[in-house]
Amino acid sequence: MDPLAGKKILLLIGGSIAAYKTPELVRLLRAAGAELRIALSPHASDFVSPLALQAVSGQVPRLSLFSPAEEAAMDHIALARWADALLYAPVSAAGLARLAQGLAEDLPGAIVLASRAPLFLAPAMNTAMWEHPATQRNLQQLAAYGAQILEPESGSLACGETGTGRLQELSSIVEHLRLALAPHPWSGWRVLVTAGPTWEAWDPVRGLSNRASGRQGYALAQAAAERGAQVTLVSGPTALSCPAGIQRVEVESAREMLVACQDLLRTETINLFIANAAVADHRPATVLSSKQGKQELPPQLQLVANPDIVHSLHRDPRRPRWILAFAAETHGDEGRAVTKLHAKGADFAAINDLRKGAMGGEENAVVLFCQGQRYALAPQAKLDLARALLHHLDTCLHGST
Ligand code: C5P
């Protein structure tokens with residue numbers, strides 16, 4: 001289940017041009033299952049239509065602090081108390097200044113003062129305004145009050161300039177909320193995840209790889225972070241961006257992946273290693289330093305075995321506390337796959353049935369084997385599957401960490 005499901009989010013919208021993006025933000029939050037209420041600053045409606053917000057949220061947005069009709073429906077103090085979290089997105093330079101001063105003269109300002117819920121601020125403004133010492137001092141002040149700042153990004157701005165000040169990507173804002181509001185049963189845990197394919201070079205342009213997209217491994221890293229773990233994602237080549245709050249180490253070959261994992265193991269005590277990467281079992285015996293023409297290519301490719309990362313980490317004196325390995329099976333022979341993963345040192349086995357089309361696709365179905373229990377997880381989006389898988393793992397481990 002999405003950690004945002006059922007969470008009460010009060011979206012405050014400030015007078016910044018980026019306010020035109022908020023109907024889409026509302027759509028994303030609702031898709032995650034959040035309950036929404038919306039309140040606008042006096043100038044926000046110059047940039048986004050309240051009717052559009054009403055249409056996508058199914059709620060009448062609040063527009064004024066001093067409207068008898070609006071206060072009668074739900075007064076601003078009740079609204080402030082209703083919320084599990086306040087998300088002020090976008091918040092302008094003027095909005096930040098008012099909040100830093102504790103001014104309650106507009107609706108967002110009054111609600112922020114009257115609420116004890118966590119406050120997330122997503123500023124959006126011109127670069128010079130963002131960099132101005134007054135704005136930076138206001139941000140420091142607000143951070144000291146406990147607000148979480150969702151930093152703006154760099155890029156082209158509505159004013160025609162290029163620089164820092166763009167509202168953070170909407171998906172990333174939602175992900176920050178998710179990470180912050182989810183329960184954190186794995187707080188204090190270190191989790192290592194391998195993901196994606198590996199690339200085993202033959203010459204500078206040719207090599208061996210496989211169809212893995214990395215999506216399942218990235219989703220597992222995200223789901224572990226949502227549970228409060230500190231996550232390192234060692235990733236083979238993929239087109240995916242790194243989920244919020246996760247440290248990513250990018251590698252190419254199986255041997256590089258092993259070294260990256262061992263480096264982490266040397267300095268950190270790992271609670272859980274999730275080996276999701278589709279690591280190439282073999283690599284070309286010799287790597288050619290320049291691209292070979294068709295005629296010069298040897299007619300046969302000599303292969304040598306790659307190290308097995310799961311087995312190497314299992315034998316390491318600083319072995320991760322738990323190891324979860326994956327097997328992609330095309331025969332549907334679960335028992336054989338589980339035995340194989342246990343033989344290489346995994347504590348738990350997750351079996352994908354490739355006949356259901358997991359690799360490279362949007363959905364996946366997995367059977368998890370954990371301490372004698374078998375959990376069959378139906379085909380579903382890879383992130384939902386990752387959350388369900390870690391939930392079952394947790395249930396199975398309950399009391400034994
Ligand atoms: O033997 P097979 O490749 O099916 O095993 C898959 C599991 O082993 C996965 O968890 C994968 O990440 C891991 N593996 C590994 N190092 C390899 C090959 C596979 O860690 N060289």
Side-chain angles (χ1 to χ4, degrees), residues 191-201 207-221 223-224 231-238 240 248-265 270 272-285 303-316 318-356 358-360 364-370 377 382 385-386 389-390 393:
V191 174
L192 166 63
V193 182
T194 59
T198 60
W199 171 261
E200 310 296 334
L208 294 177
S209 191
N210 57 62
R211 283 180 183 281
S213 65
R215 276 195 213 106
Q216 188 61 76
Y218 277 54
L220 284 158
V231 181
T232 301
L233 175 63
V234 177
S235 173
T238 76
L240 302 172
R248 177 168 64 174
V249 181
E250 291 174 83
V251 298
E252 212 170 76
S253 65
R255 286 186 297 174
E256 285 172 16
M257 191 171 268
L258 174 61
V259 168
C261 292
Q262 287 171 329
D263 282 350
L264 187 73
L265 214 56
I270 304 294
L272 175 65
F273 169 37
I274 303 178
N276 185 253
V279 186
D281 294 316
H282 295 92
R283 65 179 185 276
L303 298 177
V304 289
N306 268 332
D308 192 283
I309 299 170
V310 166
H311 192 57
S312 307
L313 266 56
H314 165 63
R315 298 195 45 178
D316 196 292
R318 292 179 53 81
R319 182 193 195 276
R321 173 76 178 87
W322 303 110
I323 299 179
L324 166 65
F326 282 72
E329 280 304 302
T330 48
H331 322 81
D333 187 349
E334 276 177 17
R336 204 185 66 131
V338 174
T339 307
K340 177 185 77 177
L341 296 183
H342 284 152
K344 62 166 90 181
D347 303 292
F348 322 116
I351 313 298
N352 295 301
D353 191 339
L354 283 189
R355 294 172 306 174
K356 294 183 181 145
M359 211 176 217
N364 199 2
V366 156
V367 181
L368 170 68
F369 292 85
C370 176
L377 302 172
K382 287 182 172 175
L385 185 101
L389 190 72
L390 298 192
L393 193 65

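The residues of the chain are indexed from 1 along the displayed sequence. Computation of the quantities below employed the complete heavy-atom set of this structure, encompassing side-chain atoms and omitting hydrogens, waters and symmetry-equivalent molecules. In each ligand, atom 1 is the first atom listed, and ligand 1 is the first ligand listed.
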Provide, line by line, the atom pairs where ligand 1 and the protein bring an N/O atom each to a distance under 3.5 Å; else say none.
from: ligand 1; atom 1: 1 (O); to: Lys340; atom 2: NZ; distance (Å): 3.4
from: ligand 1; atom 1: 1 (O); to: Lys344; atom 2: NZ; distance (Å): 3.1
from: ligand 1; atom 1: 4 (O); to: Lys340; atom 2: NZ; distance (Å): 2.5
from: ligand 1; atom 1: 5 (O); to: Lys344; atom 2: NZ; distance (Å): 2.9
from: ligand 1; atom 1: 8 (O); to: Lys344; atom 2: NZ; distance (Å): 2.9
from: ligand 1; atom 1: 10 (O); to: Ala275; atom 2: O; distance (Å): 2.6
from: ligand 1; atom 1: 10 (O); to: Phe326; atom 2: N; distance (Å): 2.9
from: ligand 1; atom 1: 10 (O); to: Phe326; atom 2: O; distance (Å): 3.2
from: ligand 1; atom 1: 12 (O); to: Ala275; atom 2: O; distance (Å): 3.3
from: ligand 1; atom 1: 12 (O); to: Ala277; atom 2: O; distance (Å): 2.7
from: ligand 1; atom 1: 16 (N); to: Ile309; atom 2: N; distance (Å): 2.9
from: ligand 1; atom 1: 20 (O); to: Ile309; atom 2: N; distance (Å): 3.3
from: ligand 1; atom 1: 20 (O); to: Val310; atom 2: N; distance (Å): 3.0
from: ligand 1; atom 1: 21 (N); to: Pro307; atom 2: O; distance (Å): 2.9

Less than 4.0 angstrom from a charged side-chain N to a carboxylate O is my criterion; do Arg319 and Asp347 meet it?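 Judged by the 4.0 Å cut-off on N to carboxylate O distance, Arg319 and Asp347 do form a salt bridge.
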
Shortest non-hydrogen separation from Arg248 to Leu240 and the atoms involved: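 Of all heavy-atom pairs spanning Arg248 and Leu240, the closest is NH1-O, 2.9 Å.
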
Under the salt bridge (Lys or Arg N to Asp or Glu O under 4.0 Å) rule, collect the residues that match up with Glu256, sequence neighbours excluded.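 So Glu256 forms no salt bridge (Lys or Arg N to Asp or Glu O under 4.0 Å) with any residue.
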
Applying salt bridge (Lys or Arg N to Asp or Glu O under 4.0 Å), can you list everything that pairs with Arg318, at least two apart in sequence or on another chain?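 Arg318 satisfies salt bridge (Lys or Arg N to Asp or Glu O under 4.0 Å) with no other residue.
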
Ring centroid separation Phe348 to Trp322 under 6.0 Å: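 Here the rings of Trp322 and Phe348 have centres that are less than 6.0 Å from each other.
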
side-chain hydrogen bond (donor to acceptor under 3.5 Å, both in side chains) partners of Asp316, counting only residues at least two apart: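 Scan of Asp316 (side-chain hydrogen bond (donor to acceptor under 3.5 Å, both in side chains), adjacent residues dropped) gives none.
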
